[in-house]
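Below you'll find the structure, written out as structure tokens, and then a few comments.
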Amino acid sequence: MAETTSDWGDWLPRTIEGSDPDGVAVWYLGCNGFALKGRGETTLWVDPYVGVGDPPRTVRMIPVPFDPADVYSADAVLATHEHTDHVHGPSQAPLLANSGADLYAADDSLAVTDDEDWTGNWDVDDDQFVEIEEGDSFSVGEFDVDVVGVHDPDASHPVGYVIQHDAGTVFHGGDTKPHDGFAELGERYDIDLAVVAFGSVGNVPDKQTRKPQRTRWYCDENEAVEIASALQTDRLLPSHWDMWKGLTADPTALHDHARSFDYPEQLDVVEIGDRVDL
């Protein structure tokens, strides 16, 4: 399968590898990808994707920030659902091969690894695939991870993650829309940072027919703030708004939509390659 060439060389993985956070450092990789590194050197990668999409249906609008073959510092990769920009062999299998990290994913996401023959095309073993589902909990180094239910009607089996560290708690919901269960999560966890996929409605060619159709994959402004409010999160970090031509959006608009709500208390608008800290 075709490999990816980074537009930025290897500076981003070397920056992550060489960092020494006081608590947890979180890098935005563009699309819905993130790398989290704790003070104890444990590094998690969530939905890292460096593909270019399927032009002209989906056209990547941002740089390819790293080559996964340059990533050696990884303890686990977490996948939220089975879509290509969340589970993708050329983006993730070389990372698993280099680092020995495990891939945590639900059944339909793991099916992608069979379809793309990760074990045949890359130096990856079956025992690196860990099937998870809602209600599961696991630990990776200094991080404790709970698998939670989300609402993404475009995916067949989406999951979200509540990633806990003594420095703070991160929620990553994949491409979720508002969900009745988020209020309960807001009561159960003290969420410091919530990642919510945000974008516009676009006219995108259908995958089979290639005829343009009205497409709404991500939260609008009101839905993103609704999720943040239900989760009672201190900080909201909008993702995915930068990625696909015709579906991009202005995340600074969320300031106005969040203004009258108690949560989120802070809006973190970041660009690909940026770092925030807990």
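Between the side chains of H83 and D152, not a single donor N or O lies within less than 3.5 Å of an accepting N or O. With hydrogens and angles left out, the side-chain atoms of D75 and T42 include no donor and acceptor closer than 3.5 Å. Using modelled atom types, one finds a donor on one side chain and an acceptor on the other under 3.5 Å when comparing D146 with Q164.
Using modelled atom types, one side-chain atom of N32 and one backbone atom of G174 make a donor-acceptor pair closer than 3.5 Å. Using a distance-only test at 3.5 Å, with no hydrogens or angles considered, no donor-acceptor pair links the side chain of K245 to the main chain of M61. Distance alone, capped at 3.5 Å, places no donor-acceptor pair between the E142 side chain and the H165 backbone. Looking at W122, its side chain never comes within 3.5 Å of a backbone N or O of P90 through a donor-acceptor pair. Side chain of D136 to backbone of E133: a donor-acceptor contact under 3.5 angstrom is found. D125 contributes no side-chain N or O that, together with a main-chain N or O of Q128, makes up a donor-acceptor pair within less than 3.5 Å.
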For this session: Assess whether side chain to side chain contact (heavy atoms under 4.5 Å, CB included) is satisfied between D154 and D175, documenting all intermediate values.
Result: CA-CA 9 Å; D154 296 309; D175 292 350; over 6 Å; no
Problem set entry | I191 vs Y263, side chain to side chain contact (heavy atoms under 4.5 Å, CB included): CA-CA, chis, key distance, verdict | CA-CA 11 Å; I191 298 174; Y263 301 98; over 6 Å; no
For this session: Please step through side chain to side chain contact (heavy atoms under 4.5 Å, CB included) for the pair T113 and T119, ending with a clear verdict.
Result: CA-CA 8 Å; T113 70; T119 58; over 6 Å; no
For this session: In sequence, state the C-alpha distance, the side-chain angles, and the governing distance for Y161 and V147, and then conclude on side chain to side chain contact (heavy atoms under 4.5 Å, CB included).
Result: CA-CA 5 Å; Y161 297 98; V147 186; 4.0 Å; yes
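Of the listed residues (S6, S91, P13), just one forms a side chain to side chain contact (heavy atoms under 4.5 Å, CB included) with D67, and that residue is S6. Under the side chain to side chain donor-acceptor pair (under 3.5 Å) test applied with R39, the options D166, D20, D22 reduce to a single match, D166. Applying the side chain to side chain donor-acceptor pair (under 3.5 Å) test between H157 and each of E82, E134, H81 identifies E134 as the sole match. Screening F34, Y189, F182 for a ring-ring contact (aromatic ring centres under 6.0 Å, His included) involving F171 leaves a single residue, F182.
Salt bridge status for D54 with K207: absent, with no side-chain N to carboxylate O gap under 4.0 Å.
Ring orientation note: the planes of F138 and Y104 are close to parallel, at an angle under 30° on the 30°/60° scale.
Nearest heavy-atom pair, T233 versus A194, reported as atom, atom and distance to 0.1 Å: OG1-N, 3.4 Å.
Annotation: D256, atom CG; neighbour count of heavy atoms from other residues, nucleotides and ligands within 6.0 Å is above 12. Summarising the local packing, CZ of R214 is surrounded by 12 or fewer heavy atoms from other residues, nucleotides or ligands at distances under 6.0 Å.
The list of side-chain hydrogen bond (donor to acceptor under 3.5 Å, both in side chains) pairs with a residue in residues 176-185, not counting sequence neighbours, reads E184-R188.
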